[in-house]
Structure formats: C-alpha cells, structure tokens
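For reference, the structure is listed below as structure tokens.
Counting begins at 1 with the first residue of the sequence.
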Amino acid sequence: FAAGGLLLLGAPGSGKSTLALQLMHHHGAVLVGDDQVRLVKSLDGLRMEGLARSRDALGRAGLEVRELGILAMPCQEGATLACVIELCEQ
C-alpha cells in the first residue's frame with residue numbers, strides 16, 4: 001500500500017468490509033473510513049480523507065463486518081487514491 005489507498009465500492013453485503021479486514025490483517029493496510037470518505041483534489045492527484053466524526057478519541061474507526069459486528073480498527077486521516085475496486089455480487 002506504499003503506492004496509495006484503495007477505494008472499495010459495492011452494494012451492502014458485497015464484501016467490502018470483509019475484504020478491508022483481510023487487507024489490514026494480511027497485508028498491513030490501514031483504514032481511512034468505513035462508510036464514507038471525502039475525495040479532495042491535491043498536487044498528487046485525488047486524496048481520500050476520512051471523516052473526523054467517524055474516529056474515536058484514540059484515532060480508531062468502527063468497521064462493521066457481517067457476523068462479527070463493529071470492530072474498532074486503527075485508522076489514518078487520509079491517503080492518496082491509487083485504485084478503485086467495485087465489488088459485484090455474482
């Protein structure tokens with residue numbers, strides 16, 4: 001994830017949170033936002049910024065994963081957008 005952040009898109013239940021959890025656990029990814037991020041034009045391209053209201057005092061965001069509930073995960077304020085992935089149901 002040194003190249004930048006991934007924006008995961010998809011309908012409810014398509015696996016966005018499950019994929020994000022796996023990327024964090026196995027590949028060291030860090031959460032920027034769960035339900036919403038703001039896209040801001042910057043010198044490096046588009047930057048994703050998490051919403052401050054979605055973080056707690058310790059800088060964690062709630063990641064809602066089906067069958068596991070809401071997990072408090074470390075998060076960062078933003079990342080340069082490198083890739084958009086849309087998950088589709090089969």
> Do Leu9 and Met48 belong to the same hydrophobic cluster, where Ile, Leu, Val, Met, Phe, Trp and Tyr are linked whenever their side-chain heavy atoms lie under 4.5 Å apart, directly or via other members?
Replying inline: yes

N/O donor-acceptor pairs under 3.5 Å from side chains in residues 17-25, not counting sequence neighbours:
unit_1: Ser17; atom_1: OG; unit_2: Glu64; atom_2: O; d: 2.9
unit_1: Gln22; atom_1: OE1; unit_2: His26; atom_2: NE2; d: 3.0

>> I'd like to know if the side chain of Lys16 and the backbone of Leu7 have a donor-acceptor N/O pair within less than 3.5 Å.
In response: no

> Which heavy-atom pair separates Ser42 from Arg47 by the least distance, and what is that distance?
Replying inline: OG-CB, 4.2 Å

>> Which heavy atom of Cys83 sits nearest to which heavy atom of Ile85, and what is that distance?
In response: SG-CG1, 3.9 Å

> Gln76 and Ala79: which non-hydrogen atoms are nearest, and at how many Å?
Replying inline: NE2-CB, 3.6 Å

>> Side chains of Glu49 and Val32, heavy atoms from C-beta outward: is any pair under 4.5 Å?
In response: no

>> Side-chain heavy atoms nearer than 4.5 Å, only ILVMFWY residues, links allowed to pass through others: does that put Val37 and Val84 together?
In response: yes

>> To the nearest 0.5 Å, what is the distance between CG on Leu46 and NZ on Lys41?
In response: 8.5 Å

> Do Leu6 and Leu87 share a hydrophobic cluster, counting only Ile, Leu, Val, Met, Phe, Trp and Tyr and linking them when any side-chain heavy atoms are less than 4.5 Å apart?
Replying inline: yes

